[in-house]
Amino acid sequence: MPELPEVETVARGLQKSVAGRRIVSVTLTKTDFMDDPAAIERELPGALIERVERFGKFMLLRLASQDDPVGMDRALLVHLGMTGNLAPHFADQPFVKHNHVTFTLDDGRELRFIDPRRFGRMAYLAGENLATELRRFGAEPLLVEKEEFSRRIRGSAARIKSLLLDQRVLRGVGNIYADESLWTAKIHPARSGSSLKPNEAEALRKALQKILRQAIEKRGSSISDFVDGNGSAGEYQRYHKVYGRDGQKCFRCAAKVKWMVVAGRSTHFCPVCQRAPRKAMQTKRKAKPKRRVATSKR
DNA sequence: CTCGATCCCTGGACGC
DNA sequence: TGCGTCCAGGGATCGA
């Protein structure tokens with residue numbers, strides 16, 4: 001499931017493999033995950049992929065074209081959703097199921113977008129439309145500084161887990177790295193942002209940044225089927241402290257890692273290291289102790 | 001503003 | 001083995 005480190009891994013791979021290539025033609029199969037398929041068909045052929053960067057959980061393929069020497073900002077936004085994959089293929093490689101988009105490149109290779117669940121998103125945006133879209137998102141987790149982080153987190157009564165996942169607050173954090181950073185900072189996921197002491201907020205920021213950097217170094221976490229452009233899996237899932245470890249011993253205190261739903265998301269935490277908030281905030285334990293799927297092969 | 005519920009979508013795990 | 005059901009999860013949307 002691509003979150004910031006996984007998207008960063010894919011973006012770096014694409015920067016190496018396809019930046020500098022020109023798109024010759026576009027073939028769309030399924031388009032229901034696109035904002036405006038016609039714009040993609042119209043604008044992408046002939047465009048040069050200047051560079052590939054990550055923006056939150058999005059990849060931005062920065063584009064240029066000959067007839068636009070002024071250099072208006074133009075980009076293809078790609079969100080990988082849960083199961084999306086964007087990678088170059090040789091033209092003679094057989095198409096797999098769920099190949100929805102094919103960009104033929106000027107060196108004969110094909111940049112293919114494959115996404116079984118189609119939770120991804122693809123959009124061509126330029127100029128002010130692009131700027132407006134990007135402004136919807138919050139701070140970059142790896143760059144956000146102490147004061148801004150504190151303001152964004154401590155300024156809200158929402159639960160901390162929910163704030164970490166809110167792309168308008170921080171762009172790029174998903175379920176795995178939210179749980180991991182809260183464990184590291186010893187903060188209960190159901191606490192409200194405004195209940196965090198300044199030193200707790202700072203501990204969380206530090207934990208989040210450290211974990212994201214380490215995860216990028218390990219090329220992300222491969223839980224289900226995440227692979228980068230070379231088809232290689234990430235390694236960071238081996239370093240998870242709580243995610244997917246419910247029922248197992250906490251690495252700090254040996255208590256059993258718990259699982260609960262917070263802010264509508266599957267949440268893993270240590271009930272001893274991460275003290276529960278006073279009262280009210282506690283999600284009523286629900287009667288439904290759902291079947292936990294043994295996540296992944298480790 | 002924040003919340004939960006619901007939908008989107010497919011494949012894989014599980015129960016029978 | 002085969003079929004039905006139940007999730008996984010990010011994000012949009014809606015109503016409370």
Side-chain angles (χ1 to χ4, degrees), chain A residues 1-8 10 29-36 54-59 77-86 96-101 113-123 133-134 136-138 141 151-180 189-196 220-227 234 237 240 242-246 259-268 277 280-298:
Chain A
M1 49 208 67
E3 302 180 27
L4 188 152
E6 292 76 32
V7 179
E8 178 74 29
V10 175
T29 314
K30 280 223 163 60
T31 59
D32 56 358
F33 54 92
M34 293 177 172
D35 291 24
D36 182 359
R54 178 188 60 76
F55 184 88
K57 291 180 200 171
F58 284 89
M59 285 191 292
L77 262 72
V78 180
H79 196 298
L80 299 173
M82 289 295 300
T83 53
N85 184 270
L86 183 68
V96 299
K97 215 177 161 183
H98 307 300
N99 189 122
H100 307 309
V101 187
F113 181 70
I114 300 157
D115 186 6
R117 291 184 206 176
R118 305 207 298 285
F119 272 24
R121 177 184 166 202
M122 196 175 279
E133 176 64 16
L134 298 185
R136 293 175 51 222
F137 298 94
R151 178 166 53 75
R152 286 176 176 271
I153 294 297
R154 299 183 61 239
S156 170
R159 290 170 181 177
I160 185 61
K161 167 89 182 218
S162 161
L163 289 170
L164 288 173
L165 294 179
D166 189 338
Q167 302 299 297
R168 297 167 302 182
V169 176
L170 291 170
R171 55 180 196 255
V173 182
N175 211 29
I176 295 176
Y177 300 101
D179 283 4
E180 292 295 311
R191 286 181 57 187
S192 75
S194 52
S195 80
L196 265 62
S221 301
S222 292
I223 290 294
S224 49
D225 46 8
F226 166 74
V227 288
Q237 68 280 4
H240 291 174
V242 282
Y243 187 85
R245 291 195 67 249
D246 37 314
W259 180 92
M260 71 189 279
V261 173
V262 179
R265 295 276 172 243
S266 160
T267 300
H268 315 75
M281 297 308 301
Q282 311 259 26
T283 315
K284 303 95 199 139
R285 289 269 48 183
K286 41 170 63 324
K288 188 174 145 207
K290 12 173 77 176
R291 173 178 60 87
R292 301 297 309 126
V293 181
T295 1
S296 91
K297 35 300 181 135
R298 47 171 70 84

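Each chain gets a letter, A, B and so on, in the order the sequences are listed, and its residues count up from 1. In this text, all values refer to a predicted model and were calculated from it rather than measured experimentally. Values below: all heavy atoms of this structure, side chains included; hydrogens, waters and symmetry mates excluded.
Across the protein-nucleic acid pair, A/D32 atom CG and B/dC9 atom C1' stand 9 Å apart, rounded to whole Å. In this structure, the CG atom of A/L164 is 13 Å from the P atom of C/dG11, given to the nearest Å. To the nearest angstrom, P of B/dG4 lies 5 Å from CZ of A/R159. Rounded to an integer number of Å, the gap from A/R117 CZ to C/dC6 C1' is 13 Å. Put simply, CZ on A/F119 is 10 Å from P on B/dT10, counting in whole angstrom units. When the C1' atom of C/dG11 is taken as reference, atom CD of A/E3 falls 14 Å away, rounded to whole Å. Rounded to an integer number of Å, the gap from A/E6 CD to C/dG9 C1' is 13 Å. The interatomic distance linking A/R121 (CZ) with B/dC8 (C1') rounds to 15 Å, in whole Å.
For A/Y177 and C/dG10, the shortest distance from a side-chain N or O to OP1 or OP2 is not below 4.0 Å. The phosphate of C/dA8 has neither OP1 nor OP2 within less than 4.0 Å of any side-chain N or O from A/S266. Distances shorter than 4.0 Å separate some side-chain N or O of A/S156 from OP1 or OP2 on B/dT2. Contact annotation: A/H98 reaches the phosphate of B/dG11 (side-chain N/O to OP1 or OP2, under 4.0 Å). In terms of phosphate contacts, A/H79 brings a side-chain nitrogen or oxygen within less than 4.0 Å of OP1 or OP2 of C/dG11. Proximity of A/Q167 to the phosphate of C/dG11: a side-chain N or O atom is located under 4.0 Å from OP1 or OP2. Phosphate proximity of B/dC9 to A/T83: absent, as no side-chain N or O sits under 4.0 Å from OP1 or OP2.
No contact: A/D115 has no heavy atom under 4.0 Å from any strand. Among the heavy atoms of the strands lying under 4.0 Å from A/K97 are primed sugar atoms or P, OP1, OP2 only; no base atom is included. Contacts of A/R136 with the nucleic acid, taken as non-hydrogen atoms under 4.0 Å apart, involve only primed sugar atoms and P, OP1 or OP2.
Note that CG of A/L77 and CE of A/M59 are 10.0 Å apart. Values are rounded to the nearest 0.5 Å. From A/F58, atom CZ reaches atom CZ of A/F137 across 4.0 Å, with rounding to the nearest 0.5 Å.
The aromatic rings of A/H240 and A/Y177 lie perpendicular to each other, with more than 60° between the two planes, well past the 30° mark.
Between the side chain of A/R265 and the base of C/dG10 there is at least one donor-acceptor pair of N/O atoms closer than 3.5 Å.
Between A/D179 and A/R265 no salt bridge is recorded (no basic side-chain N to carboxylate O distance below 4.0 Å). Checked for salt-bridge contact, A/D166 and A/R168 meet the test: a charged N lies under 4.0 Å from a carboxylate O.
Proximity note for A/R118 (side chain, C-beta onward) versus B/dC9, B/dT2, C/dG11: the nearest is B/dC9.
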